[in-house]
Trainee: 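The structure is given below, and queries will be raised subsequently.
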Amino acid sequence: MKKKYINLFVIIAFIATLYPMLAGFMKKDNKPNLAGIIASDESPKLTAESWLSSEYQELKDDYNNDHWAFKELYVRLNNQFYYNAFNQIRVNNFVAGKEGYLYSETYIFSAFGDDYIGKEKIRSKLEKAKVIQDSLKKKGIDLLLVYAPGKGEYCIEQIEDKYKHPITHTKYDDYISLSKQLGLNVLDLKAYFQKLKPTTPYPLFPKFGHHWSYYGECIAVDTIIGHIEKLHGCDLPDISWKKIEVVDTARSRDADVLKSMNLYKNPEQNMKLAYPEVLFEQDSLKNTTKVLTISDSYWYGPVYLGVPQNCFAGGQFWYYYNKVIPSPTAGEKVEVWQLNLKESIESNQVIMLLYSDANLATFANAFIDDAYELYTNPIAYNNRVEKNKVVKQFEKQIREKPVLLKKATKNSKDLQIPLDSAIKLNAMKLAGIK
């Protein structure tokens, strides 16, 4: 009997030892259904060169790790354990707060002024923006700066106490005061949302989402349309709603962080969220003011809603001043550096820069520097753009190839630098620039 149990133990141990390897051979072609995963759809090809350089072995090991049969199950179970046991979420730079609220740490730091960059840096950027605004105004184009609210500041009560301390100064304080001082066209949605907070009938920020709620998004768009009409002296198609559906299960982007958590079982959603049935005024004579929006991810919601097509005469969205949405070339991903910046700017009647408070450190990304140089020293601008084209091409290649993007993502974590910086470093290496 004793020998029988020993044999059984040996068999179980043997199976347990072989299990990961056996699982690795199962369903390799199936990509796990996990949000945020960067994985190549194609298994690397074996060549003499890739074998001798060990590149094939590295890529094959990475491919197997991403496609093994039980990866999705194990990731979800692991994430569920950390969430249930320690209230930790396995999403980079995101944390759980009180009452089930989820936050980006970046937005918490911004709310308490922990990421303050100094008044002079902000002044320098906004002085350039004023030059751009004045240059464009001569051409009949208006520049509008929109400061969007962040969840950290709006939902500050639910942030864990360990992050809280007296607030002395924030980037937003300087941006709003200097913008007004310099005479820039500004719409302060952050202050407007705070004004609405005590009386809003529905949440303007959801528990499980990163951005403003769908309802908050509709309020923001309606406010932006009204502001542009006054600024530019135009009449845009109105956005309205007669019916609002109220549900306790988040839709659209109202649970984008929850989706990224990749849990085995999602927690109960006990927040009533509002979903207006949006109507756009159908008047082709009004939909003639083309608005270009340069923004962070906050503007993706209005794009999904159909605002650019229905209210902004088909104006583009330049995501972080990089990706062009919609692409001007069918079937191809186009980035801003591939466009003629002057022609692109001047084909619009309004240029709107919309960023949330946590992204004010990089407000408008490189647009303000580029446009300032373009309108003050066009020769220097054109020479610099031409010189940087090769690096930009490699950057685009890295963003579009999962294998290269994964390497850049790893480098960004190892070097503790933003992903865009890691992509640029890798692109410079590929271009032979040290």
Side-chain angles (χ1 to χ4, degrees), residues 129-130 132-149 176 179-180 183-193 195-196 200-202 204 212-244 274-296 298-319 324-326 328 342-356 364 367 371:
K130 182 63 166 68
I132 298 166
Q133 177 176 293
D134 293 344
S135 299
L136 293 180
K137 190 63 179 176
K138 293 173 184 176
K139 299 175 181 291
I141 302 168
D142 283 305
L143 179 70
L144 173 63
L145 281 59
V146 181
Y147 301 135
I176 195 65
S179 294
K180 292 177 179 178
L184 284 158
N185 302 320
V186 176
L187 173 57
D188 188 358
L189 287 178
K190 180 178 164 79
Y192 183 56
F193 269 47
K195 182 181 177 182
L196 295 177
T200 179
Y202 308 109
L204 298 178
W212 42 30
S213 66
Y214 185 89
Y215 177 74
E217 188 173 277
C218 293
I219 297 293
V221 168
D222 184 50
T223 307
I224 288 169
I225 288 172
H227 193 87
I228 290 176
E229 288 177 329
K230 290 179 182 177
L231 173 66
H232 195 66
C234 59
D235 190 8
L236 301 176
D238 293 328
I239 179 176
S240 62
W241 50 89
K242 294 180 180 178
K243 295 181 180 178
I244 295 179
Y275 294 92
E277 294 183 14
V278 172
L279 302 170
F280 290 105
E281 184 180 7
Q282 299 301 311
D283 188 337
S284 59
L285 296 178
K286 284 187 175 184
N287 195 14
T288 56
T289 302
K290 199 172 180 183
V291 180
L292 167 64
T293 305
I294 302 169
S295 178
D296 55 22
Y298 267 61
W299 194 247
Y300 256 119
V303 169
Y304 296 145
L305 197 61
V307 174
Q309 291 77 23
N310 289 287
C311 303
F312 291 173
Q316 292 175 338
F317 166 35
W318 292 357
Y319 176 57
V324 179
I325 302 168
K342 191 171 189 295
E343 289 180 2
S344 297
I345 289 173
E346 294 178 8
S347 67
N348 296 275
Q349 286 76 54
V350 177
I351 312 295
M352 179 170 67
L353 312 179
L354 185 153
Y355 280 68
S356 53
F367 171 77

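Only this structure's heavy atoms are used, side chains among them; waters, hydrogens and symmetry mates stay out.
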Trainee: How would you list, by chain and number, every residue that makes a side-chain hydrogen bond (donor to acceptor under 3.5 Å, both in side chains) with Gln349, sequence neighbours excluded?
Mentor: none
Trainee: For the pair Tyr298 (side chain) and Pro149 (backbone), establish whether a donor and an acceptor sit closer than 3.5 Å, ignoring hydrogens and angles.
Mentor: yes
Trainee: Holding to side-chain contact (heavy atoms from CB on, under 4.5 Å), I want the full list of residues that pass it with Lys139, two or more places apart in sequence or in another chain.
Mentor: Ile141, Lys342, Glu346, Tyr375
Trainee: Could you grab the distance from atom OH of Tyr147 to atom CG of Leu353, nearest 0.5 Å is fine?
Mentor: 8.5 Å
Trainee: Ile224 vs Leu354, test: side-chain contact (heavy atoms from CB on, under 4.5 Å). Steps then yes/no.
Mentor: CA-CA 10 Å; Ile224 288 169; Leu354 185 153; 3.7 Å; yes
Trainee: With sequence neighbours left out, what residues match Pro302 under side-chain contact (heavy atoms from CB on, under 4.5 Å)?
Mentor: Glu217, Val221, Trp299, Val307
Trainee: Give, for atom OH of Tyr319 and atom OG of Ser295, the distance between the pair rounded to the nearest 0.5 Å.
Mentor: 9.5 Å
Trainee: Determine whether a donor-acceptor pair (N or O, by modelled atom type, separation under 3.5 Å) exists between the side chain of Glu281 and the backbone of Pro237.
Mentor: no
Trainee: For Ile176, is there any backbone N or O sitting under 3.5 Å from a side-chain donor or acceptor partner on Ser179?
Mentor: no
Trainee: Which pair of heavy atoms, one from Pro308 and one from Gly315, lies closest together, and at what distance?
Mentor: CB-O, 3.4 Å
Trainee: Working note: Lys130 + Asp134, criterion salt bridge (Lys or Arg N to Asp or Glu O under 4.0 Å); need CA distance, chi angles, decisive distance, verdict.
Mentor: CA-CA 6 Å; Lys130 182 63 166 68; Asp134 293 344; 2.9 Å; yes
Trainee: Please determine whether side-chain contact (heavy atoms from CB on, under 4.5 Å) holds for the pair Ile351 and Phe367, giving the CA-CA distance in whole Å, both sets of side-chain angles, and the decisive distance to 0.1 Å.
Mentor: CA-CA 11 Å; Ile351 312 295; Phe367 171 77; 4.1 Å; yes
Trainee: Only counting residues at least two apart or in another chain, list the ones meeting side-chain hydrogen bond (donor to acceptor under 3.5 Å, both in side chains) with Asp283.
Mentor: none
Trainee: At what distance, to the nearest 0.5 angstrom, does CD1 of Ile219 lie from CH2 of Trp241?
Mentor: 4.5 Å
Trainee: Strictly distance-based, threshold 3.5 Å: is any side-chain N or O of Asp188 a donor or acceptor partner for the main-chain N or O of Ala191?
Mentor: yes
Trainee: Any side-chain heavy-atom pair from Tyr192 and Leu187 closer than 4.5 angstrom?
Mentor: no
Trainee: Nearest heavy-atom pair of Trp212 and Ala148: which atoms, and what distance?
Mentor: CZ3-CB, 4.1 Å
Trainee: For residues Val303 and Gln309, report the shortest heavy-atom separation together with the two atoms involved.
Mentor: O-OE1, 4.5 Å
Trainee: Where do Asp142 and Leu231 come nearest, in terms of heavy atoms and distance?
Mentor: OD2-O, 3.6 Å
Trainee: How far apart are the C-alpha atoms of Tyr214 and Leu305, what are their side-chain angles, what is the distance that settles it, and do they pass the side-chain contact (heavy atoms from CB on, under 4.5 Å) test?
Mentor: CA-CA 9 Å; Tyr214 185 89; Leu305 197 61; 3.0 Å; yes
Trainee: Could you walk me through whether Leu292 and Phe312 pass the side-chain contact (heavy atoms from CB on, under 4.5 Å) check?
Mentor: CA-CA 8 Å; Leu292 167 64; Phe312 291 173; over 6 Å; no
Trainee: Can you tell if the side chain of Trp318 reaches within under 4.5 Å of the side chain of Thr293, non-hydrogen atoms only?
Mentor: no
Trainee: Check Asn348 against Val291 and note the closest heavy-atom contact, atom names and distance.
Mentor: OD1-C, 3.9 Å
Trainee: Can you list every ring-ring contact (aromatic ring centres under 6.0 Å, His included) pair that touches residues 215-236, not counting sequence neighbours?
Mentor: Tyr202-Tyr215
Trainee: Within this structure, what is the OG1-CZ distance for the pair Thr223 and Phe193, rounded to the nearest 0.5 Å?
Mentor: 7.0 Å
Trainee: Please list, chain by chain and in numerical order, all residues satisfying side-chain hydrogen bond (donor to acceptor under 3.5 Å, both in side chains) with Thr289, sequence neighbours excluded.
Mentor: none
Trainee: Between Gln316 and Pro328, is there a donor-acceptor pair closer than 3.5 Å when you use the side chain of the first and the backbone of the second?
Mentor: no
Trainee: About how many Å separate NZ of Lys242 and CG of Leu279, when rounded to the nearest 0.5 Å?
Mentor: 7.0 Å
Trainee: How long is the straight-line distance from CG of Leu144 back to CE of Met352, given to the nearest 0.5 Å?
Mentor: 7.0 Å
Trainee: So, applying side-chain contact (heavy atoms from CB on, under 4.5 Å) with Ile345, which one of Leu143, Leu136, Ile132 is it?
Mentor: Leu136
Trainee: Side chain of Asp296, backbone of Ser356: donor and acceptor closer than 3.5 Å?
Mentor: yes
